[in-house]
Engineer: 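Structure incoming, see below.
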Amino acid sequence: MKRGLWFGTNWKMNMTPGLARQWTDTVTAYMQNMPSDHRLFVMPPYPLIPQLLRDTEGTGLIVGAQNCHWESRGPYTGEISPALLKEIGAHNVLLGHAERRKQFDETDEVIGRKVSAALHAGLGVVLCIGEGATLKGKQTETRQFLEQQLAVALRDIPSIQPERLVVAYEPVWAIGVGGQPPQAEEVADALSSIRQTINQMVDECVPIVYGGSVTLQNGRSLLTKTETDGLFIGRHALDPSTFIQIIETAVGERSEVE
Ligand code: PGA
């Protein structure tokens, strides 16, 4: 069965208001002719969220945050609550990204609390999971590692409404400059084991996307396997034309496979 594909990007600590406007103008123009079953999402830095929401209203672009706290308010200097994100109109939030896990010591437990809080607040969640370099190539251990990440992150969630949860498989060794993206077959193996685990935990069909050094060159082959429900793109989506080209080639490839 044909399923809509998901394409998202995390801007990390990049972009300016001016560049953001150029990006949204280009991407929303493209979206007018995009098949309606595909979904596009973007996670800008916090201060740009209101601008993006305003500039893209009614276009279907999903605008989210890159992080949130697990409490809805309180003495947490520098933090942002899921309740506030919801109130300003953000659609979803990225949780469990490898950079947050590594640079800000976020554990599976912390991520689980955040996932639960965000879903309870009415936000969608893009949950990142992925093994590090020490498990590269070790299938059984990788599978157990991913299962554990999912089990803790999703252990206290409310029943999920359709499209409120997306899981992004992002092996740590594939992310960023110097990252080595896996072959489509390796991605498909990891995604089908993630799918098995999720099916035991959540009733809804949860889209599972791949992220980590997705480029114009490899985006097409990464989507040849029907296990992959979409792509999550970092640095190569900062240029809106490249983002669109990746989507177009990947969607074209998938329609040939299906
Ligand atoms: P990248 O980032 O595409 O630049 O590797 C991916 C990510 O961090 O989600």
Side-chain angles (χ1 to χ4, degrees), residues 5-15 19-20 23 27 39-46 48-49 52 61-68 90-106 108 111 114-115 118 124-133 135-136 142 145-146 149-150 153 165-184 186-187 190-191 194 206-223 228-250:
L5 297 169
W6 289 70
F7 296 94
T9 177
N10 164 16
W11 286 354
K12 307 189 181 181
M13 205 170 70
N14 296 300
M15 299 297 248
L19 288 173
W23 192 97
V27 170
R39 301 274 179 272
L40 263 54
F41 61 95
V42 55
M43 273 99 179
Y46 289 125
L48 295 178
I49 294 175
L52 262 75
L61 182 69
I62 300 167
V63 178
Q66 296 174 18
N67 182 31
C68 69
H91 304 129
N92 65 2
V93 59
L94 176 61
L95 295 170
H97 191 279
E99 286 157 9
R100 300 273 338 156
R101 291 178 190 264
K102 178 155 187 262
Q103 297 164 14
F104 301 94
D105 296 326
E106 290 196 7
D108 288 334
I111 292 157
K114 292 183 174 195
V115 170
V125 167
V126 176
L127 169 66
C128 292
I129 58 169
E131 78 283 9
L135 292 184
K136 193 167 193 298
T142 297
F145 184 85
L146 298 175
Q149 284 191 328
L150 281 169
L165 176 66
V166 174
V167 171
Y169 169 58
E170 300 209 310
V172 178
W173 39 269
I175 296 173
V177 175
Q180 305 273 321
Q183 299 298 312
E186 295 175 77
V187 173
L191 264 52
I194 294 169
V206 174
I208 309 174
V209 302
Y210 168 77
S213 293
V214 175
T215 64
L216 190 49
Q217 287 69 39
N218 66 19
R220 173 195 289 254
S221 71
L222 285 165
L223 267 193
T228 313
D229 294 324
L231 299 171
F232 193 30
I233 309 161
R235 61 198 188 280
H236 293 284
L238 290 171
D239 175 345
S241 312
T242 312
F243 183 49
I244 290 168
Q245 275 179 283
I246 295 175
I247 296 170
E248 284 206 307
T249 49

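All values derive from a computational prediction rather than experimental measurement. Every number for a ligand or one of its atoms is a count from 1 in the order of the listing.
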Engineer: Is R100 salt-bridged to D105, cutoff N-O under 4.0 Å?
Structural biologist: no

Engineer: With F7, which residues qualify under ring pair (Phe, Tyr, Trp, His ring centres under 6.0 Å), at least two apart?
Structural biologist: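 Testing F7 for ring pair (Phe, Tyr, Trp, His ring centres under 6.0 Å), a comparison that skips the adjacent residues, returns none.
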
Engineer: Within the protein, flag every N or O under 3.5 Å from an N or O of ligand 1, and note the pair and distance.
Structural biologist:
| from | atom 1 | to | atom 2 | distance (Å) |
| --- | --- | --- | --- | --- |
| ligand 1 | 2 (O) | K12 | NZ | 3.3 |
| ligand 1 | 3 (O) | S213 | N | 3.4 |
| ligand 1 | 3 (O) | G234 | N | 2.9 |
| ligand 1 | 4 (O) | R235 | N | 3.0 |
| ligand 1 | 4 (O) | R235 | NH1 | 2.7 |
| ligand 1 | 5 (O) | G176 | N | 2.7 |
| ligand 1 | 5 (O) | S213 | N | 2.8 |
| ligand 1 | 5 (O) | R235 | NH1 | 2.9 |
| ligand 1 | 8 (O) | K12 | NZ | 2.7 |
| ligand 1 | 8 (O) | H97 | NE2 | 2.7 |
| ligand 1 | 9 (O) | H97 | NE2 | 3.2 |
| ligand 1 | 9 (O) | E170 | OE1 | 3.0 |
| ligand 1 | 9 (O) | E170 | OE2 | 2.7 |

Engineer: Within the 3.5 Å criterion, strictly below it, is a donor on T215 or N218 matched to an acceptor on the partner's side chain?
Structural biologist: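 Yes, N218 and T215 have a side-chain donor paired with an acceptor closer than 3.5 Å.
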
Engineer: Just by distance, do the side chain of H91 and the backbone of G64 share a donor-acceptor pair under 3.5 Å?
Structural biologist: no

Engineer: Between the side chains of K136 and E131, is the shortest nitrogen-to-carboxylate-oxygen separation below 4.0 Å, so that they form an ion pair?
Structural biologist: no

Engineer: ring-ring contact (aromatic ring centres under 6.0 Å, His included) for F232 and Y169? Distances and angles first, verdict last.
Structural biologist: CA-CA 9 Å; F232 193 30; Y169 169 58; over 10 Å; no

